[in-house]
Amino acid sequence: MSRLLLAGFPEDLSAWLQGALPEVSLTVLPTAADAAEALRHGDWGLVVLEGGLPDGSALGILKQLRADPRHARLPVMVCVARDLPQSALQAFVGELGVAQLLFHPLNREEMRRQIASLLRLPLAAPLKSAERPALPLARLRERFIETTEKRIATLEAALSEALQGTLDGERQREAEREAHKLGGSLGTFGFAEGSRLALEMETLWAGASLPSETQLRLSELLVALRRELANQPEVHGAAPSEPTAQAPRILIVDDDPLVAERLIAEARAREFRPVWAADLTAARKALAQERPEVVLVDLSLAGSSEDGRMLLAELSAHARPIPALVLSGKDGLLDRIDVARLGAARYLHKSIPAAAIFEAVREVIQRPRAEAVRVLAVDDDPQVLAVLESLLTSQGIQTRVLSDALRFWEVLEETQPDLIVLDVDMPYVSGVELCRVVRGDARWSTTPVLFLTARRDPEDVQRLFATGADDYVLKPLLGPELLTRIRNRLERTRMLKNLAETDTLTGAATLGKFTRALNRACATPEAPVTLALLDVDQLKRINRSHGHAVGDMVIRRLAELLLRAFPQEGVVARWGGEEFMVLFEKATKAEALASLQALLASFREIRFDEGGAALPATFSAGVVQYPEDGADLKELYVAAEAAVNRAKQVGPGGFSS
Amino acid sequence: MQKHILIIDDDDLIQAVAELVLGSVPGWTLKGALTGEEGLSLATTSPPDLILLDWVLPGMEGPAVLEKLAENPATQNVPVIMLTAMSGEEAEREAAQLGAIGIVSKPFEPDTLAERISFLMDWS
């Protein structure tokens, strides 16, 4: 029987471990002195130490242990704090030969697993590989398809009930059972990925409740499963996009023929090729016929948002996602977040004029891709890292690879990645362990984590998701699959981040993003840093006499001009109502004033025609400089506001500094 | 010698695969039951040489079926292999505690099911 020495852990944890590891003889000791004494005598299979023992450190015990030639190779596991200095971690796994490190707060199950693995407790008997001709499973193909179809339909129906809030417990258990069966039969019929998707669904359906995130995940999984089953032979490797000489095709999904008719006419007038679908089925059909450049979806199809949401999920699950814009009558933040999560590129309120809708459509089609995205990949296999690095770098993704998991925290802080790729099995520290602690840290709790693993056991997979994994990819790695999954994850977080960082009406930055840009500029003050506050003149009057839609249009057009004139990240921010703030990183007040004058000239040219009355608009501006006019954003803003007020006294289109 | 196998699984697709795979092994015959109750009655009237028992069943679940089999003198000596989505030592141990001789993890490779059974049963 394996003998395990456990020192410095709470009693309840020790007792739990004893129960969970019946084949191990456990000796539990409270202090370092007891442990040192015990190690001098007994014969041990494994030593597990708390890093910070009440009467001394694990380092001391280990030094003494390793000095004894009998214990030179005795496996040791140490539980340490996540912020332990790099040098101490190195000492543990280097000279002291610690086989595995675990981080506080401890996870019992993980601890049990690692102990079992270090003690090499017997696993299931290995299967003898079979030398048999392939079985004629094809005979069951039709039956398989039929049964699978039925099961997926059941899951879809249950999900739809969940989304409407009408799901009862019995139905949920049925869904769980069906997902369970799918997991078994899909794998048996060779759909390993489908089986994985089904098993994840089973886990989700088994939950006590189904919060909206879970529902969304379930709908993504269903979509992915359908895709998996539909194009099994060509799931991977999306074809590169072909340039189309033709006018861009736009699919308009709206169940109101009058609205659709208006949108189609507007689309034609703007040289799009519009196609109309009145419901989800028609939309699917149109999508299958010819891929559109962009889709415009009314979210309230047939009175509920169900079909619209389903369609959005399907569009974003495409190997090459089709950008979608959503028209909605609702305007709450939650609605927006919900739609953004489903992968929509824009959220437009139904009341905005058709011209603005199609401007947004153009922007979405022309949106430049590939912002600077950073990925941190950790794997102890340099070959895997080399593959990852070349694969991701070729896609314009900044990739930092790391083979030494002990340096993870340091490199994490340094890299500030948008996504983390972790190998599950690594020496000293497992990927699961790293992920667990990443999730425990508020700054990283939402950063997507993708696992690389060679393990296919459902139990192992469930463990990954339980740890906080967002996804996993099986080794050996398949380039296209890996890329698709990384992109999906990044796209999703980017949507959520954009939502928080850009003003929804204008696309300008929000306060937070602007503040970061300002702080960056002020940190390197070799060049002058200048700020301008712009205020649209007489916006209230425009709103009163021409309506808010026109007022909004004025604001949007000014934002467009500003964003085009100052394209650097985060330097144009909307400051509430009719105010904008612009950051000039390397311009004096005089230079800033000159470029604003030019901008005002262009702005005056725009006619916001509505009902035949030409309506020119102007803005006034106040310009201030850091640090002369203020030491921080607040002081600078107060100074700029005073300058704008002085400018306004001169009349519309006034400037002051 | 003929080997009679009873499979108790509520997934008729898995039943069909088992029939295809195990039924094609010379000397093996297969019977199926979709519920624990049906399986128990079949096992009692003509005890098979082996029962493949799904862990998750509607109504009476796999472990409960196993208990009933052990209580009945007619079936208490029939070896049982559990079909389960779990794998690894924990699942093996749990199955052993219930009195099963082993587990087959789902999804299984159809090609290896017969081997796995032969291995567990020591049938050559």
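Sequence lines set the chain letters: A, B, ... in the order given, protein chains first and strands last, and positions in each chain run from 1. In this text, all values refer to a predicted model and were calculated from it rather than measured experimentally.
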For this session: Decide yes or no for A:Arg108 and A:Asp12: does some side-chain heavy atom of the first lie under 4.5 Å from some side-chain heavy atom of the second?
Result: yes

Exercise. Is B:Arg116 close to B:Phe108 at the side-chain level, that is, under 4.5 Å between some pair of heavy atoms?
Worked result: no

Exercise. So which of A:Leu186, A:Thr148, A:Thr147 has the largest heavy-atom pair count under 4.5 angstrom toward chain B?
Worked result: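 That would be A:Thr147.
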
Problem set entry | For the student: nearest non-hydrogen atoms of B:Ser46 and B:Lys31, plus distance |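 That would be OG-NZ, 3.4 Å.
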
[X] versus chain B, heavy atoms under 4.5 Å apart: side chain, backbone, both or neither?
X: A:Ala116; value: side chain
X: A:Arg151; value: side chain
X: A:Ser185; value: both
X: A:Arg113; value: neither

Problem set entry | B:Asp10, part contacting chain A, at a heavy-atom distance under 4.5 Å | both

Exercise. With A:Trp44, which residues qualify under ring pair (Phe, Tyr, Trp, His ring centres under 6.0 Å), at least two apart?
Worked result: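 Per chain and number, A:Trp44 pairs via ring pair (Phe, Tyr, Trp, His ring centres under 6.0 Å) with no residue.
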
Exercise. Under 30°, 30 to 60°, or over 60°: which ring-plane class applies to A:Phe144 and A:Phe191, parallel, tilted or perpendicular?
Worked result: parallel

